[in-house]
**Student:** 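Right, I'll just put the structure down here and ask away after.
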Amino acid sequence: MKTNKYNLSISSNMFQEKVLELTKKIPKGKVTTYKEIAKKLKSKAYRAVGTALRNNKTPIIIPCHRVVNSNGSVGSYKGVENSKEKIKLLRKEGVKVVNGKLDLEEYLFLDLS
DNA sequence: CCCTTGACCAAAC
DNA sequence: GGTTTGGCCAAGG
């Protein structure tokens with residue numbers, strides 16, 4: 001979907017908005033994956049989810065550090081892979097991170113309604 | 001418009 | 001266990 005006859009974007013930003021909304025719902029001490037967020041949006045735009053979070057201007061309000069890769073590695077934060085800051089935040093919330101990875105079986109939060 | 005770039009994923013080496 | 005490869009799709013140039 002691109003533009004309408006007035007050359008205005010139709011559904012741009014909606015994707016990002018939804019991503020941020022879902023991210024806000026992740027409880028402290030839990031995480032979710034880029035894939036699960038995309039799935040909730042009925043999309044396979046895994047990468048676009050990352051793009052949306054990168055665009056996030058309010059990292060405190062939007063806890064984007066709780067979004068990780070589906071293989072259990074923490075992924076990136078503020079454009080930096082395996083960000084020390086991201087790991088720190090997660091640990092502070094009670095998530096065990098070992099060697100840049102965590103146990104999804106234990107921490108994955110799926111009920112994003 | 002077309003082309004490139006990613007905070008990714010799954011499968012295959 | 002790890003690295004590479006092709007695919008994915010929204011955004012920006």
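Here is the naming used below: chain letters follow the sequence lines, and residue numbers restart at 1 for every chain.
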**Student:** Check whether any side-chain N or O of A/Gln16 sits under 4.0 Å from OP1 or OP2 of C/dA10, and answer yes or no.
**Tutor:**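 No, outside the criterion.
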**Student:** Nearest-Å distance, CD (A/Glu36) to C1' (B/dC9)?
**Tutor:**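 Roughly 12 Å, once rounded to whole Å.
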**Student:** For the side chain to side chain contact (heavy atoms under 4.5 Å, CB included) test, which of A/Thr32, A/Val49, A/Leu41 pairs with A/Leu22?
**Tutor:**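 Going through the options one by one, the only one that passes is A/Leu41.
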**Student:** In this structure, how many angstroms lie between the P atom of C/dC8 and the NZ atom of A/Lys35, rounded?
**Tutor:**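 Between P of C/dC8 and NZ of A/Lys35: 15 Å.
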**Student:** Indicate whether OP1 or OP2 belonging to B/dA10 is found under 4.0 Å from a side-chain N or O atom of A/Asn71.
**Tutor:**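 For A/Asn71, the contact criterion (side-chain N or O under 4.0 Å from OP1 or OP2 of B/dA10) is not met.
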**Student:** Starting at CG of A/Asn55 and ending at P of B/dC8, how long is that distance when rounded to a whole Å?
**Tutor:**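 Rounded to whole Å, this separation is 15 Å.
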**Student:** Which of these nucleotides, C/dA10, B/dC9, B/dC8, is closest to any side-chain atom of A/Phe15?
**Tutor:**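 Looking only at heavy atoms from C-beta outward on A/Phe15, the closest nucleotide is C/dA10.
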**Student:** Of the nucleotides C/dC9, B/dA10, B/dC8, which has the atom closest to the A/Tyr34 side chain?
**Tutor:**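 My answer, after comparing the listed nucleotides, is B/dC8.
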**Student:** Rounding to an integer number of Å, can you tell me how far A/Glu85 CD sits from B/dA7 P?
**Tutor:**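 In whole Å, B/dA7 P lies 16 Å from A/Glu85 CD.
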**Student:** On DNA chain C, check which nucleotide each of A/Asn99 and A/Arg47 is closest to and give me the residue with the more 5' one.
**Tutor:**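 Counting from the 5' end, the first nearest nucleotide belongs to A/Asn99.
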**Student:** Could you check A/Lys44 against A/Thr51 and say which one's nearest nucleotide on DNA chain C is further toward the 5' end?
**Tutor:**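 Going by which nucleotide is closer to the 5' end, it is A/Lys44.
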**Student:** If you check every side-chain atom of A/Ala45, which of B/dC8, B/dA7, C/dC9 has the closest atom?
**Tutor:**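 Selected nucleotide (nearest to the side chain): C/dC9.
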**Student:** Using atom CG of A/Asn13 as one end and atom P of C/dA11 as the other, report the distance to the nearest whole Å.
**Tutor:**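 In whole Å, C/dA11 P and A/Asn13 CG are 7 Å from each other.
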**Student:** Could you tell me whether A/Lys39 and A/Glu36 have a side-chain N and a carboxylate O separated by less than 4.0 Å?
**Tutor:**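 Between A/Glu36 and A/Lys39 there is a salt bridge, with a charged N closer than 4.0 Å to a carboxylate O.
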**Student:** Could you state the NZ-C1' distance from A/Lys39 to B/dC9, rounded to the nearest angstrom?
**Tutor:**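 Rounded to the whole Å, the gap is 12 Å.
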**Student:** Please report, rounded to the nearest Å, how far the C1' atom of C/dA10 is from the NZ atom of A/Lys42.
**Tutor:**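 About 19 Å, once rounded to whole Å.
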**Student:** Is there a side-chain contact between A/Lys101 and the phosphate of C/dG2, meaning an N or O under 4.0 Å from OP1 or OP2?
**Tutor:**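 A/Lys101 to C/dG2 OP1/OP2: side-chain N or O found under 4.0 Å.
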